[in-house]
Amino acid sequence: MSPSLKRRATEDGSVSPPPTKRTLIQATTTNSAIANFFKPASQKEPDKTTWRVVDNSLLVCNFDKVDEFASEKPRKVALFDFDSTLITSASGKKFAQAAEDWKWWHPHVPTKLQQMVADGYLVAIISNQGGISLNTKSKTVKSDQKRLVNFKQKVKAVLNQLDLPVSLYAATEKDRYRKPRVGMWENLLQDQALQLANIDMQASVFVGDAGGRTASGMYKADFACSDRDLASNIGIRFSTPEEFFLDEEVRPFARVFDPSIVLATKGSYKSLTPILNFASKNPLNVIVFCGSPGAGKSTFFWKHLEPLGYERINQDKLGSRRACMQAAEHSLAQGKPVAIDNTNADIDTRAHWVDLASRFKIPTHCVLFTASARLCEHNDAVRSLGGSSMNPEARLGLPKVAFTSFASRYRAPTLKEGFEGITEVDFEFAGTEEQTELWSKFWI
């Protein structure tokens, strides 16, 4: 072996690799932290990070350092995503493998944040952290607790290195705190005793990697647009890490769903006349709805069919199809027409209601709701999280599988199934000014 390639023995007798094979790991300690480690317990500085949990869902961390600009109004606010914006994994893997598996996204990051604080910005970290759980009754408590401990240790190391007055908000559930919903932002305002009037919105910014950027050349498409959508919901400027820290040019982006476009596009009720004529010509009948959860079926019933004396048959309310069938039979026997307000995605399910109408020797009509899957998910989120004015029946939010299950079972209804007619209804939002403002936000 050539002398220049000899490996050096370590004190324990092992052999260290050549310098070119060594992995560079970014240090996550500061000189003050090292000095503090060797101090007697009575002289050690207290932990500067404090933690609290809001609504068993939102994890909040504050770094205890005096904010010299706290009393100044209006405040300029700089919000940052955490992973792939301020830090990334040191191992190069998509997801960090341990608490110490992190490094700055770019060496400019800490310097830039220090400058933001020096310029009077209130700096906070706003992050979705679905990989951790605060649920102490989970079936996977042990693994959940390990991930939570690792996350806290990583956050503590990052904030200790920054040594700045920074707060971190981490949404762990798919609730009102999860981006692009504004729950974390509202909690930040409450913690800082700020009103919107106290904030310089034009100078404020949100920086995150989920900007909805499209694929171009060497660049991959972003996995989501939630960071850009949150900035839009708040009403502040959005920037990607590349634009903010590296002054790179703005890349094109596209949103999969934009509620403002839906509001600007009037739905079509031009086919409503046939179903109203059907109802007037057939005082006893069965109307079968077909549409995804969140497509507007119940709203359509209350607006157009309830005033005509129809009985609403809804499985969410009654619990089972058998209960729905019994309720429908009872109403028809009493001479009341019925509307089947269920998803009725497939032919076999709809056949039960066509057969029921046939037994009573009355006609049946299908109302097909055409709202897209993303629009339906948006409606469901607004309904479950937008407050009582948007959710008079106090419905809970639906899991993703509710929408994917409908899509997999859906077969378009046809007259061959026995319907006298089929009415297609496009979704069109209608509400008060306050409800419209809520609905126009990004929720998914």
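Computed over heavy atoms, backbone and side chain alike; hydrogens, waters and symmetry mates excluded.
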Residues in ring pair (Phe, Tyr, Trp, His ring centres under 6.0 Å) contact with His352, at least two apart in sequence or another chain: none

Backbone N/O of [Y] and side chain of [X]: donor-acceptor pair under 3.5 Å:
| X | Y | result |
| --- | --- | --- |
| Asn344 | Cys290 | no |
| Ser408 | Ser405 | yes |
| Lys297 | Gly291 | yes |
| Thr349 | Ala345 | no |
| Asp101 | Ser91 | yes |
| Asn314 | Asp341 | yes |
| Glu72 | Phe69 | no |
| Gln315 | Cys324 | no |
| Ser358 | Val354 | no |

Side chains of Asp209 and Thr85 in contact at under 4.5 Å (non-hydrogen atoms): yes

Establish, from distance only, whether the side-chain atoms of [X] and [Y] form a donor-acceptor pair under 3.5 Å.
| X | Y | answer |
| --- | --- | --- |
| Arg312 | Ser298 | yes |
| Asp426 | Thr370 | yes |
| Trp443 | Asp229 | no |
| Ser260 | Asp258 | yes |
| Asp163 | Gln114 | no |
| Glu434 | Thr432 | no |

Cationic tip of Arg228 above Phe253 ring, under 6.0 Å, 45° of axis: yes

Phe301 ring center within less than 6.0 Å of Tyr310 ring center: no

Distance flag, aromatic centroids of Phe245 and His106, threshold under 6.0 Å: no

Check ion pair Asp81-Lys179 (N to O, under 4.0 angstrom): yes

Spacing of CD1 belonging to Ile313 relative to CH2 belonging to Trp353, to within rounding of 0.5 Å: 6.5 Å

Spatial distance of atom CD1 (Ile87) from atom CZ (Phe82) [nearest 0.5 Å]: 3.5 Å

Parallel, tilted or perpendicular: rings of Phe300 and His304 (30°, 60°): tilted

Whether Trp439 and His378 hold their rings parallel, tilted or perpendicular, with breakpoints at 30° and 60°: perpendicular

Show every donor-acceptor pair shorter than 3.5 Å between a side-chain atom in residues 231-238 and any protein atom, with sequence neighbours excluded, or say none if there are none.
| unit_1 | atom_1 | unit_2 | atom_2 | d |
| --- | --- | --- | --- | --- |
| Asn233 | OD1 | Phe442 | N | 2.8 |
| Asn233 | ND2 | Pro180 | O | 2.7 |
| Asn233 | ND2 | Phe442 | O | 2.8 |

